[in-house]
Each structure stands twice: as structure tokens, then as C-alpha cells.
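See structure below.
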Protein chains: 2
Amino acid sequence: MAGEIKLLDFFLDHLKEILYPEEWIDLDLELSKSQILAMLIVDRHGEVIMSEIADYLNIPLSTATGIINRLVNKGYLLRERNESDRRIVSIQLTEAGQALVAGIKVTINEYVERIDRLLTEEEREMLMRVFIKVIEALNREKEPDIKQPETSVKKIEIE
Amino acid sequence: MAGEIKLLDFFLDHLKEILYPEEWIDLDLELSKSQILAMLIVDRHGEVIMSEIADYLNIPLSTATGIINRLVNKGYLLRERNESDRRIVSIQLTEAGQALVAGIKVTINEYVERIDRLLTEEEREMLMRVFIKVIEALNREKEPDIKQPETSVKKIEIE
DNA sequence: TAAAATACTTCCTTGCTCGAACTATTGGGT
DNA sequence: ACCCAATAGTTCGAGCAAGGAAGTATTTTA
């Protein structure tokens, strides 16, 4: 009981920090949150189609179109129609885009290391475990159907 | 080393969840993130002036004006000029606003309890400790000056 | 009493978000 | 072959948010 009250107080006290995590981390002054996510997705998958981006970001295609448009206009992404199926639009990084993503990753890594240094090995493990537990539980409640959660940590090669 | 790589992967994998925490929690369909925060601030302080809201939310006054305007238009807040210093505008909850905040708190509490149930006492304590440690460290780096951090858990009476 | 500081608001631009409507292309069924 | 449905996107319109710049009162101070 006492534990629960404390956790609620804690959430209310830190709601601002929780709701605006991008302010912990000045990720990049050039791009917005959504734009950074989109760039990282394109980077990770090499070449992506609009629907995939919308899927990964969990946003409607109409929103994705806007985000990608701005990145194309800034010269970070390339948009081109697929010739074998002309409904499909595929997205790639330009060279400027690749350079930008590299910089973003460095920045993220710096922050991660900064946090990492604050934690004991035990805390680090528990943090990840708890985070995954919470995310999985909340996802499970949202859509108690369809496919496997598949929310465990995936290994991604960095550099 | 292995720990750090894992933590970086972890962050990259869950960047969407981290950057859009409002999607974990369908806080309220009626209000936006900023609007909810503004309502909670007014609720907690009883009567607040615009500058205080801007301060707490860490946004410029021009942004605060817009957020409060929409809440006033929806009938949740009351805006009135201070008679002793007519530059000042103070904000209060209307009855509808009080009812809404009560509902928001119930919703938050439900989510907090849902998370709480997933955690052991040890995890709960560590989670709060780590969270505060990280927030304090990042704040300290941002502004290595001025006043005390004052980021420890404050107790707030609920209901 | 004039000038500076304070407390806001207004205006403008950019971005995100979403639904609805629309275009283009492809695939299936008969 | 032809029509219809499904698929893949874009466009449009409206609301919300962010923030800088400029403007309006009002109060303080020098």
C-alpha cells in the first residue's frame, strides 16, 4: 500500500519528465522526434517503403507522408517509385542523410553511456527487465489478440 | 563493455516507446499531453499565474497562452486578471475542470497500479532510485549552476 | 515623470496528427 | 478481357503545440 502511494506520487511528480523525454536528451537540433525515428528506421532497414515506415512508427500513412516529405526536402532522404509495382514508394538515405544518422547515433551513444556510467550492473539489468516487462504488459492489454508480442531485446549491429 | 552495447541496443530498439510514452498510456482522449500537465499543475497549486505555468512546463509564455486558451474555451479553466496587479492573470479550475482532473488522476492511478503489480518491492525501489539518479544527472549537466536540484520525491496528497 | 521592467497576448511560421477523400496501380474472379 | 476490390500513397483541411518577434498594459525605479 505504502509502496503504491509512493509510486503514484512519483509518477505525478515526474509526469513532465516522463511525458517529454526528448527534453532529457537534446537529440538533435535539426530534426524532430518523429524525423529522427524515421531516419533511424530507414538507416536500419536500408530501403523501406512508406507502409513500413508508417507501421514501425505506428502512424497513419498520411502522417508518414508529411514526415518523409520534410526529410526529402531537407535532402536527407530519397523517394522513388518502385518500377515493378508502381504503387509502391521506397525511401532511402542520401549521403547527407547517412552522415546525419551517424551523428545522431553518436549522440545517442553518448547519452546512453552517460546513463550507463550511473548504473551498477545490477541496476542496468533490472532496468531493462522492468522496462520490457512494463511495455509488454501494456501492449498485451491494448491488443489482447493477434501475433506474438515479440518485444524481447533484439540485437542490432552497431558500426 | 558488453553491458554498454546491450544498453545502446536497448535504447535504439525502444526509441519509439521511449520518445512517445503517452502511447503507453491512453491518459485521456479529451486532452493533449500539455493540456493534462497544465490541468494537473493548476490542480496542485489551486490558483496559478501564467508565468508559473510557463515555468513549470518549461515553455515560453506564448505557448502557455495557447494551451490555457484552449482549456478555457473548453470550460475547464477560469482566467481572471489580478486586481492588485493588473498585469497578472491567474488561472483556476472550473467545476468541470475539477471533475476532469479527478478523472485523470483515477486513470493515472489505474495505470500506476497496473505497473506496480508487475514489480517486486525491490524492483519498484530500484526503478525510482534509478529514474531520479538519471534525471538529476542529466539536469545537472544541462545547467551546472543556480539553485539546488530539488528533484527528490515530494509527497503530494491525493484525494 | 520618463524609462525600464514585468506579465501577458497576438501574430506568424513550422511541424505533427488524423480522418476523409482522392489517385493510381495491381490482382482476382468470372 | 473486363470489372471490382484491394493496395499504396498523396492531398486536404482542421486542431494542437512550439517558439520567436513584436505589441499592449501595467507597475516599478531612478
Side-chain angles (χ1 to χ4, degrees), chain A residues 15-16 19-23 26-42 47-92, chain B residues 15-16 19-23 26-42 47-92:
Chain A
L15 214 50
K16 175 75 200 301
L19 290 181
Y20 293 93
E22 67 271 28
E23 290 178 11
D26 254 351
L27 255 188
D28 194 79
L29 305 161
E30 183 108 21
L31 301 185
S32 72
K33 271 192 300 185
S34 298
Q35 287 176 343
I36 289 171
L37 286 178
M39 291 293 285
L40 288 173
I41 286 168
V42 180
E47 187 167 350
V48 210
I49 72 176
M50 291 300 294
S51 316
E52 287 171 338
I53 293 177
D55 255 20
Y56 286 123
L57 293 182
N58 201 24
I59 54 177
L61 264 171
S62 58
T63 304
T65 297
I67 294 170
I68 299 303
N69 267 349
R70 283 167 225 118
L71 290 169
V72 169
N73 290 341
K74 289 182 182 177
Y76 296 132
L77 292 181
L78 220 68
R79 174 192 250 127
E80 58 187 13
R81 289 255 162 216
N82 183 319
E83 282 310 320
S84 69
D85 182 343
R86 298 193 37 72
R87 290 170 303 180
I88 293 174
V89 170
S90 64
I91 307 295
Q92 289 175 61
Chain B
L15 214 51
K16 176 75 201 301
L19 290 181
Y20 292 92
E22 68 270 27
E23 290 178 12
D26 253 350
L27 254 188
D28 194 79
L29 305 160
E30 185 108 21
L31 302 184
S32 72
K33 268 195 301 186
S34 298
Q35 288 176 342
I36 288 172
L37 285 178
M39 291 294 284
L40 288 173
I41 285 166
V42 179
E47 188 167 352
V48 210
I49 71 176
M50 290 301 294
S51 316
E52 288 171 338
I53 293 178
D55 255 21
Y56 286 122
L57 293 181
N58 202 23
I59 54 177
L61 265 171
S62 58
T63 304
T65 298
I67 294 170
I68 299 303
N69 267 349
R70 281 168 226 118
L71 290 168
V72 169
N73 290 340
K74 289 183 184 178
Y76 297 132
L77 292 180
L78 222 66
R79 173 192 251 130
E80 58 187 14
R81 289 255 161 214
N82 182 318
E83 281 311 318
S84 68
D85 183 343
R86 298 192 40 71
R87 290 171 303 181
I88 293 174
V89 171
S90 64
I91 307 295
Q92 289 175 60

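Computed from a prediction, not measured in an experiment: that's the story for all the values here. Throughout, a chain's letter reflects where its sequence line sits, starting with A, and its residues are numbered from 1. All values below come from the heavy atoms of this structure, side chains included, with hydrogens, waters and symmetry mates left out.
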Value rounded to 0.5 Å, distance of CD1 in A/Ile68 from CE in A/Met39: 9.0 Å
Candidate nucleotides C/dC18, D/dG19, D/dT10, ranked by approach to the side chain of A/Met50 - the nearest: D/dT10
Phosphate OP1/OP2 of D/dT10 contacted by A/Thr65 side-chain N/O (<4.0 Å): yes
Any B/Ile67 side-chain heavy atom under 4.5 Å of B/Ile59 side chain: yes
Rounded interatomic separation in angstrom, taking CD1 from B/Ile88 and P from D/dT27: 9 Å
Per A/Ile67 side chain, nearest of listed nucleotides C/dC8, C/dT26, C/dT17: C/dT17
Between C1' of D/dC16 and CD1 of B/Ile68, the distance in whole Å: 14 Å
Comparing A/Asn82 and A/Gly66 on DNA chain C - which has the more 5′ nearest nucleotide: A/Gly66
Residues touching DNA chain D, which here means a heavy atom under 4.0 Å, drawn from residues 52-60 of chain A: none
side-chain N/O A/Arg87 vs D/dA6 OP1/OP2, d < 4.0 Å: no
Nucleotide D/dA18, atom C1' - distance to NZ of B/Lys33 in whole Å: 12 Å
Any side-chain heavy-atom pair of B/Leu31 and B/Arg70 under 4.5 Å: no
Below 4.0 Å: OP1/OP2 of D/dA18 and any side-chain N or O of B/Ser34: yes
Euclidean distance, atom CD of residue B/Gln35 to atom P of D/dG15 [Å, nearest integer]: 13 Å
Audit row: B/Val42, B/Tyr76, side chain to side chain contact (heavy atoms under 4.5 Å, CB included) steps and yes/no: CA-CA 11 Å; B/Val42 179; B/Tyr76 297 132; over 6 Å; no
Residue of the set A/Glu52, A/Glu80, A/Glu47 for which side-chain hydrogen bond (donor to acceptor under 3.5 Å, both in side chains) holds with A/Ser90: A/Glu47
Rounded distance (Å) that lies between atom P of C/dT9 and atom CG of B/Asn73: 12 Å
Distance, rounded to the nearest Å, where B/Arg79 contributes CZ and D/dA25 contributes C1': 15 Å
Whole-Å gap separating C1' (C/dT6) and CZ (B/Arg81): 12 Å
Partner set under salt bridge (charged side-chain N to carboxylate O under 4.0 Å, His left out) for B/Asp55, not counting sequence neighbours: none
Minimal non-hydrogen separation, A/Leu57 against A/Ser34, with atom names: CD1-O, 4.4 Å
Sugar-phosphate only, base, or nothing, as touched by A/Ser90 at under 4.0 Å among non-hydrogen atoms: nothing
Phosphate OP1/OP2 of D/dG19 contacted by B/Ser62 side-chain N/O (<4.0 Å): no
Along DNA chain D (nearest heavy atom to each residue), the more 5'-positioned of A/Asn69 and A/Asp85: A/Asp85
Distance in angstrom units between A/Leu61 CG and C/dA24 P, rounded: 17 Å
